[in-house]
Amino acid sequence: MNRVVVTGGAGFIGSGLVRALLADGVKHVAVVDNLLSGKEENLTEVRDRIEFHNADIRDHAAMRKIFEGTDVVFHLAAIPSVPRSIQDPLPSHDVNINGTFTVLSAASDAKVRRVVYAASSSAYGDTLVLPKVETMLPKPKSPYALQKLAGEYYGSVFHSCFGLEFVALRFFNVFGPRQDPSSAYSGVLSLFMKCLIERKAPVIFGDGEQSRDFTYVDDVASLVIKAAKAKGVEGNVYNAGNGNRYTLNFIWSQLQAIEGVDIPPTFGPPREGDVRDSQADTALAIKELGHDPKFPIDKALKLTLDWYKKSISA
Ligand code: UD1
């Protein structure tokens with residue numbers, strides 16, 4: 001890979017991917033981000049080694065120009081959050097579906113070799129069987145889940161109709177340093193970290209026995225790079241998870257144990273559109289992409305908490 005573009009590269013996962021790409025020796029890394037939820041400060045220490053474009057993924061002409069001479073586009077830009085897509089479906093529909101279409105179409109026009117797409121585990125919805133395997137029929141329960149699934153389908157059609165190489169990775173509840181805890185729509189682990197440091201009770205929606213395959217951001221970034229390089233995988237969809245699942249109650253108890261505190265959570269009503277359990281079957285990603293997660297939950301929670309402690313006190 002000589003030149004790559006990361007859409008959403010100023011976001012939490014995107015900026016982790018940018019750092020991983022540079023560490024992997026990629027010479028030319030360009031970032032596209034409109035800074036709606038991304039932050040330039042996520043890229044501070046690599047800023048002089050990348051090309052930054054404050055641009056909107058719905059702008060075909062801008063994307064076409066930026067994608068010129070690019071080998072791989074990593075398409076991560078999105079408006080995330082299941083509850084946000086229920087409360088305000090139009091913006092997430094526009095960015096996640098029309099924006100993804102525009103990225104695919106501009107990439108195809110600019111003769112980009114491959115697009116690697118950040119799909120979502122939410123596409124599965126509630127399944128009778130765990131772990132969730134790529135051959136299961138998707139059953140999205142929220143606009144966000146459906147939008148992310150539509151992006152997968154669009155990508156595979158760009159592959160079959162226009163020859164654009166496309167690989168989709170279904171991210172499973174990614175967490176780690178730089179995840180923004182400042183919004184009600186923030187990922188639950190970033191909110192837990194903030195509560196723990198501030199010695200406040202987190203709000204848990206439902207009974208806390210819902211489970212997630214929490215996956216550390218560096219493991220996701222490594223897998224995304226493997227998906228860009230792998231041969232014979234074009235048009236395919238892979239789970240990008242750790243392969244385990246933990247309940248919210250368990251995670252909060254682990255965090256309390258690390259800090260030696262006793263802060264009972266506040267329980268609220270279950271959240272609309274919530275999936276009950278989520279766990280990735282990682283066999284296909286291991287076999288075909290060489291997936292090799294290196295951060296079990298205890299290690300990943302400690303690394304993440306250390307980062308929040310430094311960033312909140314800074
Ligand atoms: C979903 C997707 C995930 C995607 C993410 C994007 C699933 C299984 N996962 O994550 O792949 O990347 O959307 O936004 O669909 N919660 C609390 N208290 C809080 C906040 C959240 O109890 O203050 C609960 C939620 O109700 C949910 C769990 O924590 O049960 C995780 O929520 P969240 O971090 O928002 O992620 P998902 O919606 O699971």
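Just so you know, residue 1 is the first one in the sequence shown, and it goes up from there. Just so we're clear, the structure is a prediction, and the values are computed from it rather than from any experiment. Atoms within each ligand, like the ligands themselves, are counted from 1 in listed order.
- Protein heavy atom closest to atom 15 (O) of ligand 1, with residue, atom name and distance, is Ser122 CB, 3.1 Å.
- Within the structure, side chain to side chain donor-acceptor pair (under 3.5 Å) pairs that include any residue of residues 135-148 comprise Ser92-Gln147, Asn96-Gln147, Asp126-Lys141 (at least two apart or interchain).
- Side-chain contact check for Glu51 and His28: at least one donor-acceptor pair (N or O, by modelled atom type) lies under 3.5 Å.
- Closest to atom 26 (O) of ligand 1 among all protein heavy atoms lies Asp274 OD2, 2.8 Å.
- Of all the atoms in ligand 1, the ones that sit under 4.0 Å from a non-hydrogen atom of Gly187 are 34 (O).
- Side-chain contact check for Thr247 and Asn249: no donor-acceptor pair (N or O, by modelled atom type) lies under 3.5 Å.
- Residues Phe67 and Val224 fall into different hydrophobic clusters, defined by Ile, Leu, Val, Met, Phe, Trp and Tyr side chains chained together at heavy-atom separations under 4.5 Å.
- Nearest protein neighbour of atom 22 (O) of ligand 1, counting heavy atoms only, is Phe205 N, 2.8 Å.
- Listed by number with element, the atoms of ligand 1 under 4.0 Å from a non-hydrogen atom of Val203 are 17 (C), 18 (N), 19 (C), 22 (O), 23 (O).
- In the model, Glu288 has a side-chain atom that pairs as donor or acceptor with a side-chain atom of Tyr238 under 3.5 Å.
- Listed by number with element, the atoms of ligand 1 under 4.0 Å from a non-hydrogen atom of Ser81 are 6 (C), 14 (O).
- When every heavy atom of Ala10 is checked against every heavy atom of Ser15, the shortest pair comes out as C-CB, 4.5 Å.
- Considering only non-hydrogen atoms, atom 21 (C) of ligand 1 lies nearest to Arg271 out of Arg271, Lys148, Gln179.
- For ligand 1, one of its N or O atoms has an N or O atom of Phe171 under 3.5 Å away.
- Between Phe175 and Phe214, the ring-plane angle classifies as perpendicular under the 30° and 60° cut-offs.
- Contact annotation for Val188 and ligand 1: heavy atoms of both the backbone and the side chain come within less than 4.0 Å of the ligand.
- Cluster partners of Tyr153, using a side-chain heavy-atom cutoff of under 4.5 Å among ILVMFWY residues and allowing indirect links, are Leu149.
- Of all atoms in ligand 1, numbered sequentially from 1 with element shown, those under 4.0 Å from a heavy atom of Ser120 are 2 (C), 3 (C), 4 (C), 11 (O).
- For ligand 1, the atoms sitting less than 4.0 Å from at least one non-hydrogen atom of Ser278 are 8 (C), numbered in the order shown with element in parentheses.
- Scanning the protein for heavy atoms near atom 37 (P) of ligand 1, the closest one is Asn173 ND2, 3.6 Å.
- Side chains of Arg3 and Thr70: a donor-acceptor N/O pair is present below 3.5 angstrom, by distance only.
- Ligand 1 is approached by Tyr144 to a heavy-atom distance shorter than 4.0 Å.
- Gln179 and Tyr308 share no side-chain donor-acceptor pair at under 3.5 Å.
- With hydrogens and angles left out, the side-chain atoms of Thr282 and Asn239 include no donor and acceptor closer than 3.5 Å.
- Close N/O approach between Leu248 and ligand 1 is not found [any backbone or side-chain N/O within under 3.5 Å].
- Between Arg212 and ligand 1, at least one N/O pair is under 3.5 Å apart.
- In this structure, atom 1 (C) of ligand 1 lies nearest to the protein heavy atom Val82 CG2, 4.0 Å.
- Ranking protein heavy atoms by distance to atom 11 (O) of ligand 1, first place goes to Ser121 OG, 2.9 Å.
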